[in-house]
Amino acid sequence: MGTYVVTGSASGMGHQAAEKLRAAGHTVIGIDIQDAEIRADLSTAEGRQAAAEGALENSGGILDGAVLAAGLGPIRGRQRLIAQVNYFGVVDLLTALRPALARTQRAKVVVIGSNSTTTTPLVPRRAIRALLAGDVDKALRAVQLFGKNSAAIIYAASKIAVSRWVRRHAVTGDWAGVGIRLNVLAPGAIMTPLLAEQLANPKEAKSVKAFPVPVGGYGDAGQLADWMLFMLSDAADFMCGSVVFVDGGSDSYFRADSWPVAVPVNSLPRYLVRFLGYGRSKR
Ligand code: NAD
């Protein structure tokens with residue numbers, strides 16, 4: 001049986017994942033701002049450091065995997081918290097936990113992204129770049145012009161940035177090379193306290209309800225947790241840097257033809273360009 005860190009273990013999808021892991025006989029080190037083995041505020045650098053230290057101590061420095069589910073929804077007025085928890089609460093914690101994950105040589109990590117990554121228009125590239133560069137103030141300045149919509153935009157930016165961080169790192173020697181499988185689960189609207197808070201606000205509720213979901217209704221947190229457990233299992237040995245959408249079809253509805261797309265030639269390593277013969281016409 002394994003030892004897993006689960007952030008956001010007190011509520012919603014993180015709670016369901018923690019319960020299912022425990023029911024399967026695993027040890028869970030929950031991290032949350034409330035009701036968890038390790039109570040820590042992932043919106044601050046000190047809180048993230050305390051969370052990482054606690055997790056390393058409780059696990060004896062050996063982890064079989066992690067679920068990064070702590071996060072905030074796109075609620076107005078919480079822009080800074082959204083960026084801090086949704087991006088840095090994942091990236092800083094995973095960076096600190098990496099040596100413990102590497103020790104088991106086949107650890108699995110599931111980061112909870114969102115389908116807002118592909119269904120929110122106009123997210124400024126500057127905001128995403130700023131988060132990836134670790135500059136939260138710059139990211140917040142980049143979304144200011146959206147006024148009352150800036151919470152939705154920084155939310156999408158935080159989830160795009162964290163998904164990109166996962167994909168960039170998943171394939172490297174420090175992660176894939178030491179047996180860590182790093183992947184993203186991207187949910188759509190799932191019935192949790194986070195969504196309930198949005199639905200309790202008439203204006204937010206209107207936009208949630210107007211959003212197209214081809215299969216209808218909202219997703220079930222327990223079913224999303226089943227996906228997480230699958231992505232933590234041996235079934236994910238060959239899964240690396242993937243973003244799995246479980247969103248009732250909204251991503252496909254908006255972007256059926258946007259992906260998969262062929263890799264641009266200028267993204268290929270030079271030896272491959274030569275090997276495949278793409279460079280010949282230039283000679
Ligand atoms: P939830 O509100 O039920 O659970 C989130 C958990 O994160 C809570 O236990 C909360 O205490 C914890 N948390 C919040 N701020 C924290 C902080 N500063 N430090 C430590 N813990 C903190 O929400 P959920 O719907 O289960 O969301 C889980 C993840 O899924 C989040 O990252 C969210 O952005 C993402 N998501 C949710 C939906 C949805 O519709 N519910 C859709 C897409 C993505």
Side-chain angles (χ1 to χ4, degrees), residues 7-8 12-13 41-45 48 68-92 111-168 184-190 192-213 218-219 243-256 258-259:
T7 74
M13 289 182 263
D41 180 357
L42 294 174
S43 74
T44 68
R48 294 190 284 272
L68 288 297
L72 287 100
I75 297 276
R76 286 178 198 171
R78 297 188 198 157
Q79 285 83 321
R80 183 171 289 274
L81 270 183
I82 291 168
Q84 294 281 19
V85 181
N86 293 8
Y87 181 75
F88 297 98
V90 174
V91 167
D92 288 359
V111 170
I112 309 307
S114 170
N115 76 343
S116 67
T117 49
T118 58
T119 62
T120 308
L122 299 174
V123 181
R125 284 190 199 147
R126 264 181 309 143
I128 300 161
R129 274 200 303 266
L131 288 174
L132 283 161
D135 191 339
V136 71
D137 292 322
K138 197 171 178 185
L140 291 171
R141 281 199 301 276
V143 302
Q144 250 170 12
L145 73 154
F146 291 94
K148 58 184 169 45
N149 284 334
S150 61
I153 300 290
I154 196 71
Y155 177 78
S158 73
K159 294 293 189 178
I160 294 172
V162 84
S163 304
R164 255 179 225 180
W165 185 91
V166 165
R167 285 168 65 75
R168 288 179 184 183
V184 176
L185 181 65
I190 310 302
T192 67
L194 182 153
L195 184 64
E197 187 181 4
Q198 282 179 270
L199 290 172
N201 174 317
K203 274 197 190 134
E204 303 250 358
K206 217 170 159 186
S207 62
V208 171
K209 286 177 183 161
F211 190 76
V213 182
Y218 304 120
V243 180
V244 177
F245 283 77
V246 179
D247 75 338
S250 307
D251 172 62
S252 289
Y253 177 88
F254 284 115
R255 296 169 53 84
S258 304
W259 189 92

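In this structure, the side-chain hydrogen bond (donor to acceptor under 3.5 Å, both in side chains) partners of Ser150, at least two apart in sequence or on a different chain, are Gln79. Qualifying side-chain hydrogen bond (donor to acceptor under 3.5 Å, both in side chains) partners for Ser43, counting only residues two or more places apart in sequence or in other chains: Asp41. Remark: Asp92 pairs with Arg48 by the salt bridge (charged side-chain N to carboxylate O under 4.0 Å, His left out) rule, at least two apart or across chains. Under the ring-ring contact (aromatic ring centres under 6.0 Å, His included) criterion, Tyr218 pairs with no residue, sequence neighbours left out. Shown here are the salt bridge (charged side-chain N to carboxylate O under 4.0 Å, His left out) partners of Arg78, two or more places apart in sequence or in another chain: Glu197. By the ring-ring contact (aromatic ring centres under 6.0 Å, His included) test, Tyr253 pairs with no residue at all, sequence neighbours left out. Evaluation of the salt bridge (charged side-chain N to carboxylate O under 4.0 Å, His left out) rule for Arg80 yields Asp137 as partners, not counting sequence neighbours.
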Leu185 vs Val246, side chain to side chain contact (heavy atoms under 4.5 Å, CB included): CA-CA, chis, key distance, verdict:
CA-CA 7 Å; Leu185 181 65; Val246 179; 3.7 Å; yes
Chi angles and distances behind the side chain to side chain contact (heavy atoms under 4.5 Å, CB included) call for Val91, Val162
CA-CA 7 Å; Val91 167; Val162 84; 4.2 Å; yes
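Rounding to the nearest 0.5 Å gives a distance of 11.5 Å between CG of Leu81 and CD1 of Ile75. Atom CG of Asn86 is separated from atom CG of Leu42 by 10.5 Å, given to the nearest 0.5 angstrom. Between Ile153 atom CD1 and Ile82 atom CD1 the span is 11.0 Å, to the nearest 0.5 Å. Here the CZ-CD1 distance, from Arg164 to Ile128, works out to 4.5 Å after rounding to the nearest 0.5 Å.
Contact detail for Ile112 and Lys159: the closest heavy-atom pair is O-NZ, 2.9 Å. In this structure, Ala70 and Thr7 approach most closely via the heavy-atom pair N-OG1, 3.0 Å. Residues Leu131 and Ala161 share a closest heavy-atom pair of CB-CB, 3.8 Å. Nearest approach of Lys138 to Ala130, heavy atoms of both residues: CB-CB, 3.8 Å. Here the closest heavy-atom approach between residue Ala186 and residue Val243 is recorded as CB-CG1, 3.9 Å. Of all the heavy atoms in Gly89 and Leu68, the pair that sits closest is O-CD1, 4.3 Å.
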Side-chain donor-acceptor distances from residues 198-210 under 3.5 Å, at least two apart:
{"unit_1": "Asn201", "atom_1": "OD1", "unit_2": "Lys203", "atom_2": "N", "d": "2.9"}
{"unit_1": "Asn201", "atom_1": "OD1", "unit_2": "Glu204", "atom_2": "N", "d": "3.2"}
{"unit_1": "Ser207", "atom_1": "OG", "unit_2": "Glu204", "atom_2": "O", "d": "3.0"}

Can I get a per-line list of side-chain donor-acceptor pairs under 3.5 Å for residues 139-148, giving both atom names and the distance, sequence neighbours left out?
none

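Annotation: side-chain hydrogen bond (donor to acceptor under 3.5 Å, both in side chains) contacts involving residues 111-126, sequence neighbours excluded, comprise Ser114-Ser116, Asn115-Asp247, Thr118-Asp251.
At a threshold of 4.5 Å between non-hydrogen side-chain atoms, the residues Phe254 and Pro212 count as touching.
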